[in-house]
Amino acid sequence: MTQEVKEIFGSASGGPGTPPAPAALAAKVRTLTPSMTRSMQRVAEAVAGDPAGCAALTVTGLAELTGTSEATVVRTARILGYPGYRDLRLALAGLAAQQQSGRAPAITTDIAVDDPIADVVAKLAYDEQQTLADTAAGLDTVQLAAAVAAAATARRIDVYGVGASGLVAQDLVQKLLRIGLIAHAHSDPHLAVTNAVQLRAGDAAIAITHSGATGDVIEPLRVAFERGATTVAITGRPDSSVTQYADHVLTTSTARESELRPAAMSSRTSQLLVVDCLFVGVAQRTYETAAPALASSYEALAHRHRGRT
């Protein structure tokens, strides 16, 4: 794990009221900008694009530079995780100092049709690393801990996802089954809803949708929510439709899309990190039963992995 990623993880786990470390600022901007108003986006883009210049500005100066108001600047700072503009300025100064210390510039990750395969590997690896770091920076560990607690004590866990998100749902369910929990992945929208109506208080339902607007995922989560189950949304859009039926929201991040790198690729990477964090948290809380169950499942399959004589 690189020092940059360690710093980002550290800022993400600092708890409410702890401002993100300077290294996490750019990641927070990339993650949260799509859900901001256009005026707030101008402020966020300005501070990420020129941290040194913006660090030298008062709140009035930054408002004038971005054609917004002082209130918009303060609201943007708070959405990015800083109690006020003063804290954001300190982070900007720190980020500027890091950039001036000789760090190598970020590589350009657009993949061209005629790129050599070695360049494709390097660019994809960089994008994957950036996506993971951004997700770690934006992941609310309080919400994650609440989701872990709900899943660890649930009578039954339903997970909804379609397309690439459906593959992530299956991955999570496979892990949960191996530690002895009752879990089901639903990609068929009809089966998802008919199963959701059977849920009740003490059950958990998890919806995975990058856009947060996938109707086939929102509908069963709504039904589960109305039946009293604890609901979790894993989404790249924290202000999207799916979150109105979620007790807990876990935000993912994605790299910038390109012709040869659709959103499904980077969103899957981000989602897998979140479900892995969720699974490990559940395994920790249920260790006394999870460890023997995992050992039993491993032993049951061991003969399939041994060489035949």
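Both backbone and side-chain heavy atoms feed into the values below; hydrogens, waters and symmetry mates do not.
Side chain of Thr252 to backbone of Gly236: a donor-acceptor contact under 3.5 angstrom is found. In terms of modelled atom types and a separation under 3.5 Å, the side chain of Asp87 and the main chain of Gly84 share a donor-acceptor contact. Of the possible donor and acceptor atoms, one in the side chain of Gln244 sits under 3.5 Å from a partner among the backbone N and O of Ser241. Of the possible polar contacts, one joining the Arg42 side chain to the Thr66 backbone as a donor-acceptor pair under 3.5 Å is found.
In the hydrophobic clustering of ILVMFWY residues, with side-chain heavy atoms under 4.5 Å counting as a link, Leu65 and Val59 come out together. Residues Tyr160 and Val173 fall into different hydrophobic clusters, defined by Ile, Leu, Val, Met, Phe, Trp and Tyr side chains chained together at heavy-atom separations under 4.5 Å. Val232 and Phe279 fall within the same hydrophobic cluster, defined by Ile, Leu, Val, Met, Phe, Trp and Tyr side-chain heavy atoms under 4.5 Å apart, directly or through other members. Clustering ILVMFWY residues whenever any of their side-chain heavy atoms sit less than 4.5 angstrom apart, transitively, puts Leu88 in the very cluster that holds Val43. Taking hydrophobic clusters as Ile, Leu, Val, Met, Phe, Trp and Tyr residues chained together by side-chain heavy-atom distances below 4.5 Å, Val280 shares a cluster with Leu144.
Lys175 has a carboxylate O that lies under 4.0 Å from a charged side-chain N of Asp171, or vice versa, which qualifies the two as a salt bridge.
A donor-acceptor contact closer than 3.5 angstrom links the side chains of Thr72 and Ser69. If you check the side chains of Gln41 and Arg38, you find a donor sitting under 3.5 Å from an acceptor. Side-chain polar atoms of Glu128 and Thr269 form a donor-acceptor pair below 3.5 angstrom.
Residues Arg178 and Tyr298 have side chains in contact (heavy-atom distance under 4.5 Å, counting atoms from C-beta outward). In this structure, Asp140 and His248 have side chains that are not in contact, with every pair of non-hydrogen atoms separated by 4.5 Å or more. Side-chain contact between Leu57 and Tyr85: present, with at least one pair of heavy atoms (C-beta onward) separated by less than 4.5 Å. Taking the side chain as every heavy atom from C-beta outward, Leu62 and Val47 approach each other to under 4.5 Å. Counting heavy atoms from C-beta outward, Thr76 and Thr68 have side chains that stay 4.5 Å or more apart. With contacts defined as side-chain heavy-atom distances shorter than 4.5 Å, the pair Ile206/Leu278 qualifies. Looking at Leu172 and Leu176, their side chains come closer than 4.5 Å, going by heavy atoms from C-beta outward. Two residues are said to be in side-chain contact when any heavy atoms from C-beta on lie closer than 4.5 Å; Val148 and Arg285 meet this criterion.
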With side-chain contact (heavy atoms from CB on, under 4.5 Å) as the test, would you mind laying out the steps for Ile182 and Arg155 before giving the verdict? CA-CA 7 Å; Ile182 299 174; Arg155 177 187 69 98; 5.9 Å; no
Given the rule in the side-chain contact (heavy atoms from CB on, under 4.5 Å) test, do His210 and Val168 qualify, once you have shown the distances and angles that lead to the verdict? CA-CA 11 Å; His210 171 62; Val168 177; over 6 Å; no
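Taking each heavy atom of Ala196 and Ala224 in turn, the nearest pair found is CB-N, 4.1 Å. Heavy-atom minimum distance, Thr251 versus Gly138: CB-O, 4.3 Å.
Between atom NE2 of residue His184 and atom CG of residue Leu191 there is a gap of 11.5 Å, rounded to the nearest 0.5 Å. Taken to the nearest 0.5 Å, the CD1 atom of Ile218 stands 7.0 Å off from the OG atom of Ser240. Summarising the geometry, atom CD belonging to Glu45 is positioned 13.5 Å from atom CG belonging to Asp50; distances are rounded to the nearest 0.5 Å. With rounding to the nearest 0.5 Å, the separation of CG in Leu250 from OG1 in Thr243 is 12.0 Å. A distance of 7.5 Å separates CD in Gln271 from CD1 in Ile234, rounded to the nearest 0.5 Å. The distance from atom CG of Asp247 to atom CZ of Phe225, rounded to the nearest 0.5 Å, is 5.5 Å.
Under the side chain to side chain contact (heavy atoms under 4.5 Å, CB included) test applied with Ile208, the options Thr235, Val217, Val275 reduce to a single match, Val275.
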